[in-house]
Number of protein chains: 2
Amino acid sequence: MAHKEILLHIRERFAKFLTENQHRKTPERFTILETIYSIDDHFDVDSIYKIIKKNGMHMSRATVYNTLELLLQAGLIRKHQFSDKAAFYEKSLYNNQHDHVIVLRPDGSIDRIIEFCDPRIDAIRKDLEQYLNLKIDAHDLYFYAKPQTDGSPKT
Amino acid sequence: MAHKEILLHIRERFAKFLTENQHRKTPERFTILETIYSIDDHFDVDSIYKIIKKNGMHMSRATVYNTLELLLQAGLIRKHQFSDKAAFYEKSLYNNQHDHVIVLRPDGSIDRIIEFCDPRIDAIRKDLEQYLNLKIDAHDLYFYAKPQTDGSPKT
DNA sequence: TTGGGTGCAAATTCTTTGCAATCTC
DNA sequence: GAGATTGCAAAGAATTTGCACCCAA
């Protein structure tokens, strides 16, 4: 699917979600949605806010927070609390990887994030559900690594 | 190992860490260490602070934060950011489980935390290290579940 | 004795909230 | 037009920082 088609599809899904939940379809909400889908990486509230500002549009941080909450409910983004600093978000449609390798610099900041998916996680989930007799509805797996100093990694 | 022996051993390890890193062995630091090892669960900064207060001792929150940082460096505790609220900590010596089932109430607060260990995680880690050509030094796995409403779970 | 540590309060950072003005339905 | 949404600024919550005083080495 081409980028433009994806965006159209996503817009529709968000619109549907907003209607179904009696939320209004404000221009701010779609501006934020499009900004997010123009980013190909994890992002925090401030980067969204700054991109919108840089594009000459006006918006309050509160609106960004509110809209991200709606997008979260709509399942169009996912939220991560990688540290005690600002939360990170990522698009979730067409991206069902919940598993990350986080490459951390010595100062604790994020060098890069590699996503992957491994069927063994789901096998563990099933075993746990049976053993603990409860329903697991999500998971997050983080592996932590240090940046390479020598040869380049195969990403 | 009996509880008293464990505590003695932990104290020694902390003392050794402090000496080796040119930190002072202050009474506050050992009070915090002992408070932590008297708790059999995950805890946040405020609960440590309140227990110490309740025991009639005086201490600043800043000292709790500082000391938890040292204990983290010493490898005697682990830190988790389960949500965007206060960080949670847990003892890490004699407890090498890095994998959690977090039972969340509808309001997002933590109902309980179940720890487990599964060798498949380490297998995934090894595969990733080889595939990405980097060294992974830690991981966290969180499964999210809702509290039971019916029959009791097997914990 | 002396520099690291503590305690307090103020500062910071991230997020939420209250409320008047505005815009969607 | 009614009520949800926005924007702003102020409030909150968690954590960090600055600095005078104190104490472990």
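Lettering follows sequence order; numbering is per chain, from 1. Keep in mind that what you see is a predicted model, and the values were worked out from it rather than measured.
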Donor-acceptor list for residues 45-53 of chain A side chains, cut-off 3.5 Å, not counting sequence neighbours:
from: A:D46; atom 1: OD1; to: A:R61; atom 2: NE; distance (Å): 2.9
from: A:D46; atom 1: OD1; to: A:R61; atom 2: NH2; distance (Å): 2.8
from: A:D46; atom 1: OD2; to: A:K50; atom 2: NZ; distance (Å): 2.8
from: A:S47; atom 1: OG; to: A:D44; atom 2: N; distance (Å): 3.1
from: A:S47; atom 1: OG; to: A:D44; atom 2: O; distance (Å): 2.9
from: A:S47; atom 1: OG; to: A:D44; atom 2: OD1; distance (Å): 2.8

Item checked: Nearest-angstrom distance from the residue atom CD of A:Q22 to C1' of D:dT5 -> 15 Å
Notebook entry, point to check: Does a salt bridge link B:K16 with B:E20, judged by any charged N lying under 4.0 Å from a carboxylate O?
Noted result: yes
Check: B:E28 or B:A87: which one's nearest nucleotide on DNA chain D is closer to the 5' end?
Finding: B:A87
Notebook entry, point to check: Does B:T26 put a side-chain nitrogen or oxygen below 4.0 Å from OP1 or OP2 of C:dT6?
Noted result: yes
Checklist line | A:A86 side chain, from C-beta outward: closest of C:dT15, D:dT15, C:dC25 | finding: C:dT15
Next item on the list: Give the rounded distance in Å between these two atoms: OH of A:Y49 and P of C:dT15.
Entry: 15 Å
Margin query: Nearest whole Å is fine: how far is C:dT15 C1' from A:L72 CG?
Written below: 14 Å
Notebook entry, point to check: If you fit an axis to the five pairs at each end of the helix from C:dT1-D:dA25 to C:dC25-D:dG1, how big is the angle between those two axes, to 10 degrees?
Noted result: 30°
Margin query: If the threshold is 4.0 Å, N to carboxylate O, is there a salt bridge linking B:K85 and A:D84?
Written below: no
Note to self: I want to check one thing: is the phosphate of C:dT6, taken as OP1 and OP2, less than 4.0 Å away from some side-chain N or O of B:R24?
What the structure shows: no
Check: Quick one: are the ring centres of B:Y131 and A:F116 less than 6.0 Å apart?
Finding: no
Checklist line | A:H23 vs D:dA4: side-chain N/O to OP1/OP2 distance below 4.0 Å | finding: no
Check: Could you give the CD1-to-P distance, from B:I52 to C:dT6, as a whole number of Å?
Finding: 11 Å
Next item on the list: For B:I121 and A:F143, work out which heavy atoms get closest and say how close.
Entry: O-CZ, 3.9 Å
Check: Looking at DNA chain C, which of residues 54-69 of chain A put a heavy atom within less than 4.0 Å of it?
Finding: A:A62, A:Y65
Check: Does the side chain of B:D99 pick up a donor-acceptor pair with the side chain of B:H139 at under 3.5 Å?
Finding: yes
Notebook entry, point to check: How close or far is atom C1' of C:dT24 from atom CZ of A:R29, stated in whole angstroms?
Noted result: 10 Å
Note to self: Does the Lys NZ or Arg CZ of B:K79 fall within the cation-pi geometry relative to B:F88 - under 6.0 Å from the ring centre and within 45° of the axis?
What the structure shows: no
Next item on the list: Under the side-chain hydrogen bond (donor to acceptor under 3.5 Å, both in side chains) rule, what do B:H100 and B:E90 come out as? Steps first, then yes or no, please.
Entry: CA-CA 12 Å; B:H100 301 77; B:E90 64 178 318; 3.2 Å; yes
Checklist line | Whole-Å gap separating P (C:dT13) and CG (A:D44) | finding: 14 Å
Check: Could you state the NZ-P distance from A:K79 to C:dT16, rounded to the nearest angstrom?
Finding: 6 Å
Note to self: Between A:K91 and A:D40, does any side-chain N to carboxylate O distance fall below 4.0 Å?
What the structure shows: yes
Checklist line | Closest-nucleotide ordering on DNA chain C, the 5'-leading residue of B:L70 and B:D84 | finding: B:L70
Margin query: I need the NZ-P distance between B:K25 and D:dA24, as an integer number of Å.
Written below: 12 Å
Next item on the list: Looking only at side-chain atoms of B:P27, point me to the closest of D:dA24, D:dT16, D:dT5.
Entry: D:dA24
Next item on the list: Assign the ring pair A:H80 / A:H42 to parallel, tilted or perpendicular, where the plane angle (0 to 90°) is split at 30° and 60°.
Entry: tilted
